[in-house]
Student: 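I am attaching a structure below and will ask some questions about it afterwards.
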Amino acid sequence: MEFPCKDRRLSLLILSVIAVSAASSSATTFSPIDNYLINCGSSVDATVDNRRFSGDSASPNPLFSAPHRAISLCDQNPALGTPQIYHTARVFRRPARYAFEIRDKGTHMLRFHFHPFNSSGLELVDAQFHVLADGYVLLNNFGGEKIVKPVIKEYLIWVDADKVVITFVPTEKSKFGFVNGIEVISAPKDLILDTAQFVDNGNVVNFDGLNREALEVVYRISVGGPKVTPFNDTLWRTWVPDEGYLKSDFGSKKVPFSGRIQYRDGGASREVGPDNVYNSARVISSTNASVPKVNMTWEFPVSDGHKYLVRLHFCDIASISIGLIYFNVYVNRFLAYKDFDLSNAANWMLASPYYADFVVRGDRSGIVSVSIGPSNYSYSHAIDGLLNGVEIMKMNNSMGSLDGQWCAGFLMKSWPRETIGLLVPFIAAICIVLSIALVLHRRMAGFCHSTSWTKLPTDVSEIDRTP
């Protein structure tokens with residue numbers, strides 16, 4: 001995709017107008033219509049980051065249902081500073097489900113909290129289970145041995161039904177699963193849009209239907225800045241610093257910003273990216289008459305066999321004037337944006353955020369890479385590359401799975417049905433005995449007696465059917 005160079009004189013003229021009147025947007029607090037925060041395995045509420053999680057063992061809630069016949073465990077010696085929702089857990093020894101009434105159809109955020117604390121009754125570290133939601137496989141053979149500290153798994157799915165049903169299925173190996181907390185939240189309408197740019201083997205074409213894909217958040221990165229916690233994000237997200245993923249930073253530097261981020265209609269909203277992500281960046285800048293020939297590159301390990309949504313966040317907090325910043329954007333080593341004109345994309349405003357969505361394939365390299373570098377239109381003594389944030393989300397495969405190659409239906413059928421396994425041979429034995437007795441009786445009586453036969457059902461579900 002190309003962004004042609006704008007006339008420099010036009011840039012200066014617009015600058016003179018913009019300089020005296022910068023637009024701003026009012027800060028509003030996002031209030032989701034669907035907002036379920038569940039403290040699993042507890043009869044009391046818990047507060048985390050000023051958010052109240054309701055105990056699922058409390059009095060019935062008409063808007064959601066929790067599974068019956070499940071165990072509640074409590075951590076008798078929680079580690080100092082561990083949030084309260086990780087002090088209890090709901091444990092399932094058979095497939096069980098939570099059902100949530102949906103009032104705002106569209107994209108919903110699902111978050112699952114896991115922490116395998118020690119318990120005298122059960123070792124949660126031995127758990128292994130699947131997690132399904134509305135026909136998608138979110139977790140496959142997930143277990144406590146993979147968790148060394150409290151973990152949050154986050155997903156975005158499109159919901160057009162009246163309920164979201166989340167099902168936990170223990171594997172045959174462990175026979176139980178668990179969860180500490182669940183969040184089901186209706187997302188802002190602009191969080192995931194319909195169209196992105198598909199970057200594949202050097203070609204860039206439209207990718208439609210993005211908001212109908214199931215997504216797993218794999219990475220959420222604050223570039224050039226500190227960690228951003230849920231307390232400082234209107235959607236209660238966590239953004240981690242980029243140092244662990246930055247592979248090439250020669251010629252770049254961090255830039256902080258203490259001014260006001262200029263959110264505007266048509267750009268990135270505060271829910272798309274918070275102030276604390278946009279008020280820091282990593283930049284390439286020239287300090288002499290030549291433009292540096294360097295790139296900033298980040299690399300992110302991913303799984304093969306899936307497509308990935310790569311969202312890049314830009315906000316020009318470093319330029320001294322509009323119309324002076326042009327650079328190239330590369331995703332998976334392919335040119336995704338050529339001569340990207342950030343001033344034009346941000347409607348000729350400094351400190352106004354903008355984001356771009358790309359879809360790429362996860363290949364055998366196991367890496368998704370992002371690079372920023374100068375373009376042919378870059379200026380000397382100016383900013384020649386900039387990035388504020390990166391998000392990478394795994395997309396569901398053709399089986400509707402975000403974890404593994406099995407569909408939700410197969411995983412449900414894999415649940416061992418021991419009761420049925422014992423019942424069928426027992427019934428068959430009784431039928432054989434009765435048949436032999438009947439034949440002997442007929443022979444002794446010397447006449448045939450009409451007998452009707454009804455097939456006994458053998459396909460009995462083991463799932464908790466709580467509505």
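Computed over heavy atoms, backbone and side chain alike; hydrogens, waters and symmetry mates excluded.
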Student: Taking only residues two or more places apart in sequence, or in another chain, which ones meet Arg103 in a salt bridge (Lys or Arg N to Asp or Glu O under 4.0 Å)?
Tutor: Asp34

Student: Donor-acceptor pairs under 3.5 Å, side chain of residues 72-79 to any protein atom, not counting sequence neighbours: which ones?
Tutor:
from: Ser72; atom 1: OG; to: Gly41; atom 2: O; distance (Å): 2.4
from: Asp75; atom 1: OD1; to: Asn77; atom 2: N; distance (Å): 3.1

Student: Do the non-hydrogen side-chain atoms of Pro353 and Ile261 ever get within less than 4.5 Å of each other?
Tutor: yes

Student: Suppose we screen for ring-ring contact (aromatic ring centres under 6.0 Å, His included). Which residues come up paired with Tyr308, at least two apart in sequence or across chains?
Tutor: none

Student: Decide yes or no for Val137 and Met399: does some side-chain heavy atom of the first lie under 4.5 Å from some side-chain heavy atom of the second?
Tutor: no

Student: Consider side-chain contact (heavy atoms from CB on, under 4.5 Å). Of Ile372, Ile221, Asp249, which one does Trp298 pass it with?
Tutor: Ile372

Student: Would you check if the side chain of Asp56 reaches a backbone N or O of Cys40 as a donor-acceptor pair within less than 3.5 Å?
Tutor: no

Student: What pair of heavy atoms forms the shortest contact from Tyr354 to Ala345, and how long is it?
Tutor: CD1-O, 3.6 Å

Student: Looking only at non-hydrogen atoms, find the nearest pair between Asp190 and Tyr355 and report the distance.
Tutor: O-OH, 3.7 Å

Student: Would you please indicate yes or no on a ring centroid separation below 6.0 angstrom for Phe257 and Tyr278?
Tutor: no

Student: Supply the atom-to-atom distance Ile325 CD1 to Leu386 CG, rounded to the nearest 0.5 angstrom.
Tutor: 5.0 Å

Student: Checking Asp134 side chain against Val165 main chain: does a donor-acceptor pair fall under 3.5 Å?
Tutor: yes

Student: Can you list the steps and then say if Met109 with Val217 is a side-chain contact (heavy atoms from CB on, under 4.5 Å)?
Tutor: CA-CA 10 Å; Met109 298 177 288; Val217 178; over 6 Å; no

Student: Below 6.0 angstrom between ring centroids: does that apply to Phe176 and Phe129?
Tutor: no

Student: Would a 4.5 Å heavy-atom cut-off, applied to side chains only, mark Leu235 and Phe30 as touching?
Tutor: yes

Student: Who pairs with Phe334 by ring-ring contact (aromatic ring centres under 6.0 Å, His included), at least two apart in sequence or on another chain?
Tutor: none

Student: Under 6.0 Å between ring centres: does that hold for Phe314 and Tyr337?
Tutor: no

Student: ring-ring contact (aromatic ring centres under 6.0 Å, His included) with Phe100: which residues, sequence neighbours excluded?
Tutor: Tyr36, Phe64

Student: Once you round to the nearest 0.5 Å, how far does CD of Glu299 lie from NZ of Lys247?
Tutor: 6.0 Å

Student: Partners of Trp158 by ring-ring contact (aromatic ring centres under 6.0 Å, His included), sequence neighbours excluded?
Tutor: none

Student: Could you tell me which non-hydrogen atom of Lys394 sits nearest to which non-hydrogen atom of Val218, and how far apart they are?
Tutor: N-CG2, 3.7 Å

Student: If we ignore angles and hydrogens, is there a donor and acceptor under 3.5 Å between the side chains of Asn295 and Ser371?
Tutor: no

Student: Partners of Ala70 by side-chain contact (heavy atoms from CB on, under 4.5 Å), sequence neighbours excluded?
Tutor: Arg90, Phe92

Student: Under a 3.5 Å distance rule, please check whether Asn206 uses its side chain to pair with a backbone N or O of Phe198 as donor and acceptor.
Tutor: no

Student: State, with a plain yes or no, whether a side-chain heavy atom of Lys227 is found less than 4.5 Å away from one of Pro241.
Tutor: yes

Student: Rounded to the nearest 0.5 Å, what separation is found between the OG1 atom of Thr234 and the CD atom of Glu271?
Tutor: 4.0 Å

Student: Rounded to the nearest 0.5 Å, what separates atom CZ in Arg51 from atom CG in Asp45?
Tutor: 13.5 Å

Student: Hey, does the side chain of Asn35 reach the backbone of Ile185 with a donor-acceptor pair shorter than 3.5 angstrom?
Tutor: no

Student: Under a 4.0 Å threshold between the charged nitrogen and the carboxylate oxygen, would Lys307 count as salt-bridged to Glu213?
Tutor: no

Student: Please enumerate all residues that pass side chain to side chain donor-acceptor pair (under 3.5 Å) together with Arg237, with sequence neighbours excluded.
Tutor: Asp233

Student: Over 60° means perpendicular and under 30° means parallel, so classify the ring planes of Tyr86 and His115, tilted if in between.
Tutor: perpendicular

Student: If you look at every heavy atom in Ile85 and Asn39, which pair is closest and at what distance?
Tutor: CA-OD1, 3.5 Å

Student: Main chain of Val228, side chain of Asn232: is a donor-acceptor contact present, judged purely on distance under 3.5 Å?
Tutor: no

Student: Between Phe114 and Phe142, how do the two ring planes meet: parallel, tilted or perpendicular, split at 30° and 60°?
Tutor: tilted

Student: I need the minimum non-hydrogen distance between Gly135 and Ala408, along with the two atoms involved.
Tutor: O-CB, 3.5 Å

Student: Test Tyr155 against Phe112 for side-chain contact (heavy atoms from CB on, under 4.5 Å), laying out the working first.
Tutor: CA-CA 9 Å; Tyr155 305 87; Phe112 301 92; 3.8 Å; yes

Student: The criterion is salt bridge (Lys or Arg N to Asp or Glu O under 4.0 Å); which residues satisfy it with Asp200, sequence neighbours excluded?
Tutor: Arg361

Student: When you look at Ile284 and Ile383, which way does the side-chain contact (heavy atoms from CB on, under 4.5 Å) test go after all the steps?
Tutor: CA-CA 6 Å; Ile284 298 173; Ile383 302 301; over 6 Å; no

Student: Would you mind reporting whether Ile102 and Asp162 have side-chain heavy atoms less than 4.5 Å apart?
Tutor: no

Student: Rounded to the nearest 0.5 Å, how far does CZ of Arg311 lie from CG of Asp357?
Tutor: 4.0 Å

Student: Between the side chain of Ser186 and the main-chain N/O of Pro32, is any donor-acceptor distance below 3.5 Å?
Tutor: no

Student: Are more than 12 heavy atoms from other residues, nucleotides or ligands located less than 6.0 Å from atom NZ of Lys189?
Tutor: yes

Student: Angle between ring planes, Phe300 versus Tyr219, binned at 30° and 60°: parallel, tilted or perpendicular?
Tutor: tilted

Student: Between atom CG of Asp194 and atom CG of Asn211, what is the distance when rounded to the nearest 0.5 Å?
Tutor: 5.0 Å

Student: Could you work out, with side chain to side chain donor-acceptor pair (under 3.5 Å) as the rule, every residue matching Ser280, not counting sequence neighbours?
Tutor: none

Student: Can you spot which of Arg52, Arg111, Lys153 makes a salt bridge (charged side-chain N to carboxylate O under 4.0 Å, His left out) with Glu183?
Tutor: Arg111

Student: Before you tell me yes or no, could you show the steps for His130 and Thr171 under side-chain contact (heavy atoms from CB on, under 4.5 Å), namely the whole-Å CA-CA distance, both residues' side-chain angles and the distance that decides it to 0.1 Å?
Tutor: CA-CA 7 Å; His130 318 299; Thr171 65; 3.6 Å; yes

Student: Quick check: closest heavy atoms across Gly373 and Phe327, and the distance to 0.1 Å?
Tutor: O-CB, 3.2 Å

Student: Side-chain contact test, heavy atoms from C-beta onward, threshold under 4.5 Å: evaluate it for Val360 versus Val310 and give yes or no.
Tutor: yes

Student: Would you say that Asn276 contacts Ser222 through its side chain, given a criterion of any heavy-atom pair below 4.5 Å between the two side chains?
Tutor: no

Student: Quick one: side chain to side chain donor-acceptor pair (under 3.5 Å) partners of Thr107, sequence neighbours excluded?
Tutor: none

Student: Is the shortest side-chain heavy-atom distance between Leu215 and Met395 below 4.5 Å?
Tutor: yes

Student: What pairs with Lys254 under salt bridge (Lys or Arg N to Asp or Glu O under 4.0 Å), at least two apart in sequence or on another chain?
Tutor: Glu243

